[in-house]
Amino acid sequence: MTPHPLPRPARAEEAELPVHDARSLTEGGRAHILLDGQSYLLRITRAGKLILTK
């Protein structure tokens with residue numbers, strides 16, 4: 001499957017921020033994210049929503 005280019009935000013200050021594909025980041029389901037030693041779980045729901053929990 002060929003990856004599609006990610007849309008960039010329209011505002012200039014947002015366009016400078018990095019863009020990450022959530023499905024790639026979570027490998028289609030879940031990913032652990034660390035911040036200051038705390039672990040968070042990022043997941044994609046069946047409805048296609050992103051949920052970040054501690």
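Just so you know, residue 1 is the first one in the sequence shown, and it goes up from there.
- When all heavy atoms of G48 and R23 are compared, the pair lying nearest together is CA-NH2, 4.4 Å.
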Inset, instruction - Go through the steps for R30 and L41 under the test side-chain contact (heavy atoms from CB on, under 4.5 Å), then give the verdict. - result: CA-CA 7 Å; R30 299 173 181 217; L41 178 66; 4.0 Å; yes

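- Using a 4.5 Å heavy-atom cutoff, the side chains of L35 and Y40 are in contact.
- Rounded to the nearest 0.5 angstrom, K49 NZ and I51 CD1 are separated by 9.0 Å.
- Here the CD1 atom belonging to I33 is positioned 4.5 Å from the CG atom belonging to L42, to the nearest 0.5 angstrom.
- Residues A31 and L25 come closest through the heavy atom pair CB-O, 3.7 Å.
- In this structure, OG1 in T26 is found 13.0 Å from NE2 in H20, a value given to the nearest 0.5 Å.
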